[in-house]
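Have a look at the structure below before the remarks.
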Amino acid sequence: MGEKRLIPIAEILDENLTLSLAELAQRGSVHIEIIIELVQEGVLEPQGEEPEQWRFSGPDLIRMRRALNLQRDLEINVPGIALALELLDELDELRTKIERLERGLFE
């Protein structure tokens with residue numbers, strides 16, 4: 001898809017970063033059709049109604065890369081990726097709750 005450009009981690013984590021569909025595809029080194037499929041399955045939730053209006057954040061770029069890694073490493077389809085990410089999100093939430101409870105109990 002062209003030249004790969006390393007993206008500074010601060011830029012990726014910037015909630016104020018906004019990327020169009022084409023920019024996300026370029027920065028993620030992925031075809032636009034794949035991003036559209038990820039949006040259709042609920043893996044990514046851009047701002048805007050139509051693909052031409054979609055805007056993605058830095059965390060969306062991270063989520064997309066995580067999804068593509070799952071697809072590559074586990075050879076699962078997009079609905080499977082959506083389910084896996086949903087379960088991973090729930091796991092992260094539970095870990096956060098446990099950490100908060102432990103801090104409350106042991107402080």
Side-chain angles (χ1 to χ4, degrees):
M1 274 212 76
E3 178 184 329
K4 284 192 176 183
R5 180 174 86 80
L6 293 178
I7 304 165
I9 200 75
E11 182 180 355
I12 293 172
L13 296 176
D14 183 1
E15 296 267 349
N16 298 317
L17 175 69
T18 57
L19 301 169
S20 68
L21 178 59
E23 291 168 331
L24 185 69
Q26 179 185 19
R27 294 204 182 175
S29 299
V30 66
H31 292 281
I32 287 174
E33 294 79 16
I34 293 172
I35 297 172
I36 291 171
E37 194 174 352
L38 291 172
V39 170
Q40 290 170 340
E41 286 295 328
V43 173
L44 297 174
E45 297 178 358
Q47 300 297 311
E49 296 297 318
E50 299 296 321
E52 301 81 31
Q53 301 167 341
W54 286 350
R55 293 296 173 263
F56 299 88
S57 67
D60 289 326
L61 178 58
I62 293 171
R63 187 166 179 84
M64 182 187 70
R65 286 187 174 164
R66 194 175 193 188
L68 296 174
N69 286 342
L70 284 169
Q71 184 178 39
R72 182 194 65 229
D73 296 345
L74 301 178
E75 298 179 6
I76 56 178
N77 60 17
V78 175
I81 291 169
L83 177 60
L85 286 175
E86 183 179 324
L87 293 172
L88 289 169
D89 289 345
E90 286 182 30
L91 183 60
D92 287 342
E93 287 177 35
L94 290 172
R95 285 181 177 151
T96 300
K97 287 178 182 178
I98 290 170
E99 287 174 13
R100 287 183 188 148
L101 286 171
E102 288 176 342
R103 273 185 292 199
L105 290 175
F106 300 114
E107 287 183 356

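Residues: numbered from 1 along the sequence shown.
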**Report entry** Minimal non-hydrogen separation, Arg66 against Asp92, with atom names
**Finding:** NH1-OD2, 4.0 Å
Query raised in the report: Do you reckon Leu74 sits in the same ILVMFWY cluster as Leu68, going by side-chain contacts under 4.5 Å, direct or chained?
Result: yes
Query - Check against side-chain contact (heavy atoms from CB on, under 4.5 Å), Leu19 and Arg55 - result: CA-CA 5 Å; Leu19 301 169; Arg55 293 296 173 263; over 6 Å; no
**Report entry** Separation between CG of Leu21 and CD1 of Ile32, rounded to the nearest 0.5 Å
**Finding:** 4.5 Å
Report summary line: Value for CD (Glu45) from CZ (Phe56), rounded to nearest 0.5 Å, stands at 10.5 Å
Query raised in the report: Of Asp60, Val39, Ile35, which is the lone residue that meets side-chain contact (heavy atoms from CB on, under 4.5 Å) with Pro46?
Result: Val39
Report task. Measure the CG-CZ distance between Leu61 and Arg63 for me, rounded to the nearest 0.5 Å. Result -> 13.0 Å
Query raised in the report: Can you tell me if CD on Glu90 sees more than 12 non-hydrogen neighbours from other groups inside 6.0 Å?
Result: yes
Requested in this report: Give a yes or no answer on whether the side chain of Gln53 reaches the backbone of Glu50 with a donor-acceptor pair at less than 3.5 Å.
Outcome: yes
Requested in this report: Rounded to the nearest 0.5 Å, what's the gap from CG on Leu94 to CD on Glu99? Could you check?
Outcome: 11.5 Å
Query - Over 12 non-hydrogen atoms of neighbours within 6.0 angstrom of CD in Glu23 - result: yes
Report task. Rounded to the nearest 0.5 Å, what's the gap from CD1 on Ile34 to CG on Leu24? Could you check? Result -> 11.5 Å
Query raised in the report: Rounded to the nearest 0.5 Å, how far apart are CZ of Arg65 and OG of Ser29?
Result: 7.0 Å
Report task. Report whether Ile81 and Leu88 are members of the same hydrophobic cluster (ILVMFWY, side-chain heavy atoms less than 4.5 Å apart, transitive linking). Result -> yes
**Report entry** Verify same cluster id: Leu87, Leu85 (apolar side-chain graph, 4.5 Å)
**Finding:** no
Report task. Go through the steps to decide whether Arg72 and Asn69 satisfy the test side-chain hydrogen bond (donor to acceptor under 3.5 Å, both in side chains), and finish with yes or no. Result -> CA-CA 5 Å; Arg72 182 194 65 229; Asn69 286 342; 3.1 Å; yes
Query raised in the report: With sequence neighbours left out, which residue pairs that include part of residues 32-43 fulfil the salt bridge (Lys or Arg N to Asp or Glu O under 4.0 Å) condition?
Result: none
